[in-house]
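Okay, structure first, notes after.
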Amino acid sequence: MKEHTRVVVIGGGIVGAAVLYHLTKLGWSDVVLVERKQLTAGSTWHAAGGFHSMNSNPNVARLQAYGISVYKEVEEISGQDVGMHLTGGITIAATSERWEVLQYEHERHRVFGLESELLSPEEIRKLCPIMDTSNVIGGLYDANEGHIDPYGSTQALAKSARMAGAEIYLKTKVEDLVHKPDGSWTVVTDQGNIQCEHVVNAAGLWAREVGMMAGVHVPIVPMEHHFLISGDIDEIAEFDGELPLVLDMDGEMYLRQERNGVLLGVYEKNSTPWSVGGTSWDYGASDLLEPRLENIENELMRGFERFPSVADAGIRRIVNGPFTFAPDGNPLMGPVRGVQNYWSCCGVMAGFSQGSGVALALSQWMINGETEGDIFAMDVNRFGTFATKNYAIEKAQEFYENRFQLLCPNDEWPAARPNKVSAFHDRLQQANAVFGCSYGLEMPLWFAPQGSEPVETPSFRRSNAHEPVGEECRAVREGVGILDGTAFAKYEISGPDAVGYMDYLFASRLPDVGRIRMGPLLLPSGHLKGDLTVMRLAEDRFMVIGSGYLQEFHMLWFEQHLGDNNVRIVNRTEELSAIAIAGPASRELMSLVASGDLDNDAMPFMSVQPMNVGIAPCLVARLSFTGELGYEMYVPGTYARSLYDHLLVAGAKLGIRPFGIRALLSLGMEKSFGIWSREFSPDYTPVMCGFDRFVDYGKADFIGREAALADRDTRPEHRLVTLEIDSNDADAWGYEPIWHKDEFAGFVTSGAYGHTVGKSLALGYLKTQFLDSTELEFSVHVLDKRRPAVILPEASYDPGGSRMRS
Ligand SMILES: Cc1cc2nc3c(=O)[nH]c(=O)nc-3n(C[C@H](O)[C@H](O)[C@H](O)COP(=O)(O)OP(=O)(O)OC[C@H]3O[C@@H](n4cnc5c(N)ncnc54)[C@H](O)[C@@H]3O)c2cc1C
């Protein structure tokens with residue numbers, strides 16, 4: 001066994017093997033994998049081995065498609081048979097709602113680079129003659145789906161890595177991890193110690209235990225999962241070909257061929273978290289759990305109805321095995337904040353669809369310092385301290401039970417809520433708020449009319465929120481509205497070296513004292529890393545504002561670039577509340593309650609100053625995402641309730657009205673303001689998204705400068721544009737294709753109805769060849785049909801920005 005190496009990957013399941021292989025593929029060969037028993041000794045050996053490239057997130061879909069291509073690659077390199085069955089896969093629809101959504105997905109696959117096909121029930125039966133299609137409306141077919149041998153594929157990855165220089169130590173259990181002062185690690189195993197630069201937690205079912213060895217809480221829980229293997233079925237034996245992988249989401253089941261029978265798996269509503277207190281070191285290799293037939297009876301019955309010959313063939317074997325789920329079902333991947341050189345690669349619920357994609361992204365991150373494209377959906381830093389053990393259990397169970405449920409974009413799931421609430425949550429409840437949840441915090445989405453249930457109907461079309469949101473928008477445009485901004489992330493960065501540090505961190509010029517600037521963060525590749533608002537409170541003290549769900553993501557980045565600087569970085573998000581008011585009457589309201597001079601000269605647009613508002617000491621910033629005159633007040637949470645009340649009482653005569661996130665997004669959309677994770681993300685560069693106007697290209701140095709200069713001088717493939725869509729019942733949600741006649745011209749990133757301008761609007765990336773063609777006719781496929789669209793030359797509301805500067 002080596003005593004020194006660059007990376008120790010802990011865990012020899014499909015994920016650990018894929019990480020080992022990708023580290024070597026990307027150029028690091030001094031790497032080892034340590035496995036306590038033999039390869040596949042965790043969830044991997046139980047698995048049904050099914051894989052698909054379809055995913056509702058385009059970057060995850062891209063990585064899944066890549067991962068499928070890796071199986072052939074490692075089979076060729078290693079000579080190890082991976083047992084590939086590229087049968088194609090069909091997702092069937094047995095309800096009209098599901099069918100509408102599948103058709104919508106099919107359209108959006110154009111954006112994801114996936115080539116799917118819609119099938120009729122007759123076409124489905126040809127591919128899968130054992131299916132009862134009597135109530136099937138149609139299906140979505142993807143040729144790039146199938147199943148793989150879990151053992152063979154893991155071995156092939158491992159062998160390919162070995163051939164490139166990696167070493168694998170079996171029957172070697174990691175017992176402890178010791179972090180050394182220089183950031184490197186001693187990996188303590190029962191066979192001796194290994195010194196290394198990086199450790200990767202790919203310990204699957206034991207990831208929580210391996211996390212604790214480094215003091216890292218891993219918010220996952222294993223869930224029991226069943227599939228059955230049927231007896232032989234004559235129709236299959238006689239069938240010329242192999243059955244496709246079938247996903248019957250309405251029936252909460254999946255099926256694939258297994259020899260002359262089938263493997264039928266179910267996601268039962270009556271789910272069972274497993275070993276919530278921790279996974280025993282004795283579990284593994286050939287252990288299976290006792291089947292709980294009583295829990296899966298309903299789903300099995302539906303399976304037998306869908307595939308009658310399976311019922312006749314009988315059950316040959318039932319497998320009940322555990323595999324891990326993060327609260328939202330996505331992997332937990334990437335560097336762990338506060339624990340240098342410790343990498344998470346666990347919670348990979350669909351290891352055979354996602355293992356290699358996750359491993360590629362992780363290896364890029366470790367070797368190049370960044371991933372290719374936006375992988376936030378899988379980033380371990382999307383969770384923070386709110387994702388406690390019990391939170392993880394409740395959420396994972398909810399995810400498991402609803403895995404195949406038809407999900408609308410405005411669905412809000414109830415488990416583990418309320419968790420965090422703002423200081424004036426009760427006031428929002430009294431105002432009949434409908435809440436959403438972000439980063440564990442309840443946020444008002446919109447306010448239902450008094451006397452009605454504060455509940456939103458899940459829908460892809462305009463919901464019962466449409467009219468109330470319109471009223472909230474009008475209140476802001478015509479008078480004054482008040483918004484709970486508790487969710488905003490607030491970081492204070494100060495100290496003797498703060499200016500130099502900030503100047504290098506941000507691509508923009510730093511604001512003068514008392515002023516505010518937009519602050520893009522760039523990756524070394526010149527792609528976006530952040531879209532923050534920088535407020536300068538003193539020569540060496542800044543308040544930086546961002547989206548609350550990105551707290552760990554931002555803090556990690558800030559800390560990774562701290563170096564020897566004498567700088568203090570404090571995340572004040574939990575401690576500070578924020579309340580925003582916006583609208584033409586907001587200055588009048590402020591004049592009734594605030595201590596300072598509010599004139600345009602004394603407090604111009606994009607300025608910030610401490611002020612008493614009511615009786616609360618606030619930091620008041622003059623800006624608003626609504627595009628109106630507006631103020632944001634940052635105040636210690638203990639004052640927030642009284643401040644909110646004060647503003648409501650004083651604002652009563654001005655007709656003040658609370659508004660929620662939906663109205664905020666609609667108002668912002670009218671101004672063509674983009675948001676993070678939609679218009680802005682590591683997928684895009686400043687020139688693509690228009691952030692070049694904030695970048696100070698003349699600055700001596702900042703992260704990503706060289707790449708940013710190249711970006712400035714190159715015509716990008718796509719640019720961000722605003723679209724007006726001719727639609728009277730539904731608005732775009734994101735990733736809808738934009739067409740020019742029948743030519744694919746780009747894609748939508750987000751959409752909303754603009755209540756002031758009375759138009760369905762969207763933002764999206766258009767191929768630059770179409771940019772100068774505003775007279776061209778475009779269309780956008782929203783929900784069930786292509787709808788005519790035009791590119792707007794400027795924001796649909798107050799393009800000059802006179803109202804927010806007024
Ligand atoms: C019944 C069932 C059906 C499934 N069907 C599918 C499917 O069709 N498609 C799909 O994509 N996924 C499926 N899955 C899920 C799939 O099995 C998992 O996503 C995948 O196996 C996770 O792999 P892993 O490498 O992360 O974890 P694991 O397979 O759990 O591997 C972790 C490894 O780490 C080792 N280890 C842990 N701690 C230590 C330590 N301290 N020292 C050394 N070694 C250690 C363990 O021995 C183990 O070998 C299924 C799972 C089950 C249970």
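Counting begins at 1 with the first residue of the sequence. Computed from a predicted structure; not experimentally measured. We count ligands from 1, going down the list as the structure has it; atoms in each ligand are counted the same way.
- Of the residues W28, Y342, W185, the one that meets the ring-ring contact (aromatic ring centres under 6.0 Å, His included) test with H198 is W28.
- For ligand 1, the protein residues placed under 4.0 Å by at least one non-hydrogen atom are I10, G11, G12, G13, I14, V15, V34, E35, R36, A41, G42, S43, T44, H46, A47, A48, G49, G50, T172, K173, V174, A202, A203, G204, L205, W206, V210, H225, F227, W281, G321, P322, F323, V348, M349, A350, G351, F352, S353.
- Between the side chain of D176 and the backbone N or O of V188 there is no donor-acceptor pair closer than 3.5 Å.
- Because its NZ or CZ atom is not both nearer than 6.0 Å to the ring centre of Y66 and within 45° of the ring axis, R62 does not count as a cation-pi partner of that residue.
- No donor-acceptor distance shorter than 3.5 angstrom exists from the side chain of E224 to the backbone of T272, with no hydrogens or angles considered.
- Taking the ring centroids of H225 and Y254, they lie under the 6.0 Å cut-off.
- Remark: D132 pairs with S134, P308 by the side chain to side chain contact (heavy atoms under 4.5 Å, CB included) rule, at least two apart or across chains.
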